[in-house]
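Reading through the C-alpha cells given below for one structure.
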Amino acid sequence: ARLCKNVQPECTIVLGGPHVTFAAKETLAEVVVDLVVRDEGEFSTLELAGYFVRGYGSLAAIRGLSYRDTNGRVVHNQDRPFLNKLDELPFPARELFATQTYSHYNGILTARGCLGKCLFCSAGAMSKGKYRCRSAYSVLDELLFLQTNGVHFVTFFDDNLTIDLRRIEHLCDLMAATRLHLGWAIESRVDTVTPRTLGKLAKAGCRNIQFGVESGVQAILDSIQKGISLSQIRQVLCWTKEVGIQAACSIMLGHPADT
C-alpha cells in the first residue's frame, strides 16, 4: 500500500479478504489504507466504483465497508448480507486479463464457505458457518467456456469441493458425459470423500487432491479441532492412490501444542 501511494499519491487503496475483515480497525490505523471491504466484496466494490467513478451515493450507505471519516475516526458500516444465489453472478471477465503478464488465469470457484471447525482457519469464520454453492450446470458451463478458450488444466479454489457429495458426483457425471478434456485439481478433507466419489472424480479428469492433514500426531489434530483421525488419513490416501489421483497433504509446523 505504501509503495502504491508513493508511486501515485492520489490513488484510493481498498483492501479486502479474511485478514482485513477481522482486523479492519487495525488495518485502517495504517494511514495509506483508505478503505476496507469486509466479507464478500462483489457488490460493495461495485458501489464503491459507482461512488468514486460516477459520483453516486455516499460511503456511509455502502454495506460491508470500513473507513475513516473526516475526523479520522474509524467507521464500520452495517454488514452486507451474504449472496445466496451464486448462479446469478457472471463468470469472471477473463478477457480483461493481460495474458502476457498472467499466464495462468484458469481458476474456478464453485461454492463459498466451509463447515469445518478448525481453529486455525479463516474459511468457516469468513462464511459464518454457512455453505452456498453454484449449480452443477453453471459450473459445467464455465468449464466448457475455459476449454473452448484453450485452457487444459483447471484449479478449483473451493475450500472443500467435496462437502456435498451428491452435488460433486452429479458434476462429475456431467463432465464425463460431456467428454470434457480438462485436467483439474481440488482441495478436500479426508472425512468428506468416499471410494465412490474418488472414482467419479478420477473418471471426470481430477488429477490432484490436496487434503488438509495439518499434523501426523493425533493429539495435535484434536487440539486444533481438525475432526479427523490418523486412520482416516491413511485410508483415504490409499483410496486416492488406487483410483489414480495424486494426493498432496498440507502439513502445518508450529502448532501451539507442538514440541
Using a 6.0 Å cut-off, check whether atom CZ of Phe43 has over 12 heavy atoms from anything other than its own residue. no
So CZ of Arg196 and CG of Leu165: to nearest 0.5 Å the spacing works out to 9.5 Å
Taking Thr197 for the side chain and Val193 for the main chain, is one N or O donor matched with an acceptor at less than 3.5 Å? no
Scan Val154, Thr110, Val151 and name whichever one has a side chain to side chain contact (heavy atoms under 4.5 Å, CB included) with Leu143. Val154
Any donor and acceptor pair, going by atom type alone, linking the side chain of Trp184 with main-chain N or O of Ala204 inside 3.5 Å? yes
Using only heavy-atom distances, determine whether the side chains of Thr155 and Asn106 contain a donor-acceptor pair under 3.5 Å. no
Sole residue of Thr194, Thr192, Asp191 in side chain to side chain donor-acceptor pair (under 3.5 Å) with Thr162: Thr192
Does a sphere of radius 6.0 Å around NE2 in His152 hold more than 12 heavy atoms from other residues, nucleotides or ligands, not counting ones at 6.0 Å or beyond? no
Restricting to non-hydrogen atoms, name the atom on Ala60 and the atom on Asn77 that form the minimum distance, rounded to 0.1 Å. O-ND2, 3.5 Å
ILVMFWY cluster, Leu109 and Ile209 together (side-chain gap under 4.5 Å): no
Does a donor on one side chain sit under 3.5 Å from an acceptor on the other, for Asn208 and Gln246? yes
Is Lys200 paired with Glu169 through a side-chain N to carboxylate O contact shorter than 4.0 Å? no
Closest non-hydrogen atom pair, Ala1 against Val32: CB-CG2, 3.6 Å
Going by salt bridge (charged side-chain N to carboxylate O under 4.0 Å, His left out), name the residues that satisfy it together with Lys5, two or more places apart in sequence or in a different chain. Asp34
Roughly how far, to the nearest 0.5 Å, is CZ of Arg38 from CD of Gln78? 9.5 Å
Only one of Val20, Val36, Val75 clears side chain to side chain contact (heavy atoms under 4.5 Å, CB included) with Ser66; which? Val36
Check whether the ring centres of Phe153 and His181 lie less than 6.0 Å apart, and answer yes or no. no
For a 4.5 angstrom cut-off between non-hydrogen side-chain atoms, does His170 reach Tyr137? yes
Search all heavy atoms of Asp87 against all heavy atoms of Ser135 and return the closest pair with its distance. OD2-OG, 2.7 Å
Which residue, Arg112, Lys128, Arg63, Arg80, forms the salt bridge (charged side-chain N to carboxylate O under 4.0 Å, His left out) with Asp39? Lys128
Using a 6.0 Å distance limit plus a 45 degree cone around the ring axis, check whether Arg132 lies over the aromatic ring of Phe82. yes
State whether the side chain of Ser215 and the backbone N or O of Val217 hold a donor-acceptor pair below 3.5 Å, judged by distance alone. yes
